[in-house]
Amino acid sequence: MISDEQTILEVKDLKIHFKLHEGLLKAVDGVDLSLRKKETLGIVGESGSGKSVTTQSILRIIPQTAHLEGEIILRSEETGKNINLATLPMNGKEIRKIRGGEISMIFQEPMKAFSPVHTIGNQMMETVLLHRTKDKNEAKEIVLQSLREVGMSNPEQRFDEYPHQLSGGMRQRAMIAMALASNPAILIADEPTTALDVTLQAQVLELMNNLKEKTGTSIIFITHDLGVIAEMSDNVAVMYLGQVMEYTDVDTLFHGAKHPYTLALLKSMPSVGAAENKRLEAIEGNVPTPINLPKGCRFFSRCKLAQDGVCNVQDIPLVKIEDGHYVRCVLVDEKNRGGR
Amino acid sequence: MSTGIETNNQPPVTPKSVKKQKEGYEVASQWKLTWWNFKKNKMALVAAVLFIVLIIMAIFCSFWSPHLPNERFKTYKDAPPANVHFSDENGISRPFVYDLQLKVNKETFRRTYVEDKSKKYYLHFFVKGGSYKLLGIIPTKTHFIGLEDSTKPFFIMGTDDLGRDLFTRILYGSRISLSFAFVGIFFTFIFGIILGGISGYFGGVADTIIQRLIDLLLSLPTIPLWMALAAALPSSWSTSQTYFGMVLILSVIGWTGLARVVRGQMLALREEDFTMAARLAGASNSRIIFKHLLPSMTSYMIVNLTITIPTMILGETSLSFLGLGLQAPAISWGVLLEDAQHLESIAFHPWLLWPVAFVIVTVLIFNFLGDGLRDAADPYKS
Amino acid sequence: MLNYIGHRLLQLIPLLIAISIIIFVIIQLPPGNYLTTYIQQLELSGTAVNQSEVLNLQHQYGLDQPVYVQYFIWMKNILFHWDFGNSFQWQEPVTKVIGDRIGLTMLIAIFSLIFTWVIAIPIGIYSAVRQYSIFDYIFTFIGYIGLAVPNFLIALVIVFYVFDHTGLAISGLFAPEYVGQPWSWGKIVSMLERIWVPVVIVGTAGTAGLIRTTRAMLLDELGKQYVITARAKGVAEKKLLFKYPIRLAINPLVSTIGWTLPALISGSAIVEIVLNLPTTGPVLLNALMNQDMYLAGSFLLILSVLTVIGTLISDILLAWIDPRIRFGGMEE
């Protein structure tokens, strides 16, 4: 994957394994990603594809039992230096400075993501006090400003309210405000709209796009919804069973995707590009648990084009077929292949 | 753990083997899954084995015990536990005990026993002793272990102030104490299912009344209430009447836990599709309850009952201990502990505390068993 | 908040009425009534029965009237005259016999509660945070034992152990010279020297239970999303632990006070008997054995009311620390 001076985050050959009774669970198995300034990278995949674990590992907030391999290079805006997040000590000072500072995260269910017994203000102040200022009054100003920016009515009152007193949409706005209050260079959004109803989804997505324009934050946007991808992303990584199956820009994804899994995903949408929100159900079966996987293509068991003796012989590499378009499939026409 | 990995229990499969594996997976019934899970918990497994040992001990108590429960050894009152020797002056020998001789301290007038080394009695298996009826039917004289001459002193856990063998009495006591717990659980079960079932299935006024009743029972201090009700049992009642009276007292107060479980499950299951399907098919309320709802919550009920058994055992033990429960000549662990109520008796005859050990081990067995079952009952969890 | 308390108080009234009825029924259960027992007692001791006194008592408690009238008279005397009836065993008004005893029982229960919390919460937190560590296993196992062994059996074993090793009989709450004396500083000190024995014994089972609950609650909270949120904000682990999951795990624990306190009061009854303390347990047992039913009934009534009040207090505490309850919004 291309990496240039515009790249601020690069994930190289990331592997996250969990040792379980049943065997080795390869939640993430050799993922490469790169994120450039002001870009939105969409990661799409079914639940169990490893997309959340991948992003959580960037902040190193995966369980300590996980075995992590590979590189996560952050080009720090503050220092201009490259930091390998994968090698920082867990919960140490350095990584804590990055968490919520240079990289913030918003989560799927705002009700669960906030502590129910602390006020919104209290929880937002925490971030600001950790990363921007030690002065309480200034911090409160920043928090209120941040709440205003996400379109919260009456921020002074909201400041002293508890999460359960806000509506679902308001809570997600507060979550976004909390993430942005520290002026992060990168915002990771883990299915931020999945728990919201359709109208609220549209509002929140619009809000995020506007804020991105304004602040120039890069965004990693995780979703299982291709409609949302179409609206949000510049580049897209399609993940399945802990691997990137296809990586391309958003236009190519919808008009020139090559991987059978991507195609199946696209077919399962009622109409491409529409902001309709349907669970993807048309691919037969579920994502298998990535424990003791057989050799070969991960999608083999559910792929309509799968060929015995071809697809299940050896592990498939992610291959560049044109600039900025990578596919992990042996069946993709040889003609399309360029160099790696 | 919210790592974003939703583990579904499906094994990764290739297309060809999909069908076969799926079938194998579905064949495993809930009971099987429970058993697989249960096996993983070593403590629970040990408890299960001990539980079986306990039951066998109680059922055949007359066979295991060396003496008869009411056999009095007038020359061996308050005798200490027997000292079983495995070697004599000639080295290792088959196990034997010495005779006991009473010594009275001239100053304190305390009576103690010393071993009379001149009389040696070997232990034997399957000896002939006092006659009893095995399981209440088969007349026999055979005891599992004992001395050739059953009138000689072989008291594993000592004797009480009437010269009765404590070990024998504890074994016989286990029969009453354990059966009490099971009969008690049976009644608790009935109360709990009926009231919890009504509460959860019908809802409305019935639910409100039963819920208030539960609140009421929970706000009364249990042990004083037990004591008051047990004291109200007429003293003229026979042993078996008192036994059932106490069972009723404990279950009338103790059904609330199970009722809550049943109600909660009912509320959840009532909304399930299969209940609706049965209702649409015209099944009656009682049919839905007994054919569909109750079977699907069996595991929860078994777990709850296992956890309630210790309450029953402790209830009987503490009431009898206080003299409010079962009375001699009935033999239960609580009745036996009544002898240990006073400091004077346990200070000089500490072996009278032996029933304590049995109570504790039994309660532990049921706790571990209950915990293991609870963790195992929900095989799809985590 | 005031609304909430008012609401809870109103709910208590029917509960208290129901409790009083149940206890009255229990008092009535044994054959005969207060007077017949009293007369029987007098006859046994060879004292002549004073007919006018009998009639007087009969009238005072309405014993010649139907049962429900007796109930109302009983309640009326309690509520308006603070008259719980007489104890024939003690030949005194019940209030006088009960006096300090209820207070001491409550004292033991409250001390046990404090003991339980001080011991169990830190251990529970440790066990949860260091799950599956050696100490976690040790504490879990001790907890099992503590739960399995009934209080009074611990009391028996401790009494024996102390006697066997020191020759001292631990019983009572005061040194002999203070028994029956009015309260004084010396008496309080003497009590504090001895009260820890019943406190520890009564608190054992509760401690074991609370360790398990704390551990389970905290483990539950540790995996929650808001913990990950806080971690993702860059909060240090220790601070995070105390500010979020522990704070949230405490809530359900506070609600357990509602049933821990009654359990402590209830469980202490037998321990008090074994240790022969000047508290409610032994007197209650005696009253029950001798069918001194006004005395027994009053004990039951007061203990139950205290239990209900304990539950109320824990509910209020919970509402105070948990905004979700305080604002009445439990939407999710």
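Everything numeric in this text was worked out from a predicted model, so none of it was measured.
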Using a cut-off of under 4.5 Å on heavy-atom pairs, state which of [options] scores highest against chain B.
options                           : answer
I270(C), I26(C), V308(C)          : I270(C)
I19(C), L288(C), V305(C), L222(C) : L288(C)
F160(C), Y144(C), F299(C)         : Y144(C)

- Message: Parallel, tilted or perpendicular, judged at 30° and 60°: which one describes the rings of F141(C) and F368(B)?
- Response: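 Judged by the thresholds at 30° and 60°, the geometry between F141(C) and F368(B) is parallel.
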- Query: Top residue by heavy-atom pair count (under 4.5 Å) with chain C, among L217(B), N367(B), D215(B), L216(B)?
  - Reply: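 Ranked by contacts with chain C, first place is L216(B).
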Using non-hydrogen atoms and a 4.5 Å limit, figure out which bit of [X] sits close to chain B: side chain, backbone, both or neither.
X       : value
L156(C) : both
A18(C)  : both
F152(C) : side chain
L16(C)  : neither

- Message: Quick check on R101(C): does its CZ atom have over 12 non-hydrogen neighbours (other residues, nucleotides or ligands) under 6.0 Å away?
- Response: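 Check passes, neighbour count above 12.
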- Look at atom CH2 of W351(B) and say whether more than 12 heavy atoms of other residues, nucleotides or ligands are closer to it than 6.0 Å.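 Yes.
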- chain C contact via V361(B) - which portion, at a heavy-atom distance below 4.5 Å: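 Contact with chain C involves no heavy atom of V361(B) at all.
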- Query: Contact part of T362(B) toward chain C, heavy-atom cut-off under 4.5 Å: side chain, backbone, both or neither?
  - Reply: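 When you check distances to chain C, no heavy atom of T362(B) falls under 4.5 Å.
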Which heavy atom of [X] sits nearest a heavy atom of [Y], and at what distance?
X       : Y       : value
L300(C) : L225(B) : CD2-N, 4.1 Å
P224(B) : L284(C) : CB-CD2, 3.8 Å
S266(C) : I223(B) : OG-N, 2.9 Å

- Item | Test item: S304(C) side-chain N/O and L220(B) main-chain N/O as donor-acceptor pair under 3.5 Å |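 Absent.
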- Hey, are the side chains of L153(C) and L353(B) touching, using non-hydrogen atoms and a 4.5 Å cut-off?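 L153(C) does not reach L353(B) side chain to side chain.
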- Query: What parts of residues 318-325 of chain B touch chain C if we use heavy atoms and a cut-off under 4.5 Å?
  - Reply: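 Within residues 318-325 of chain B, the residues under 4.5 Å from chain C are S318(B), F321(B), L322(B), G323(B), L324(B).
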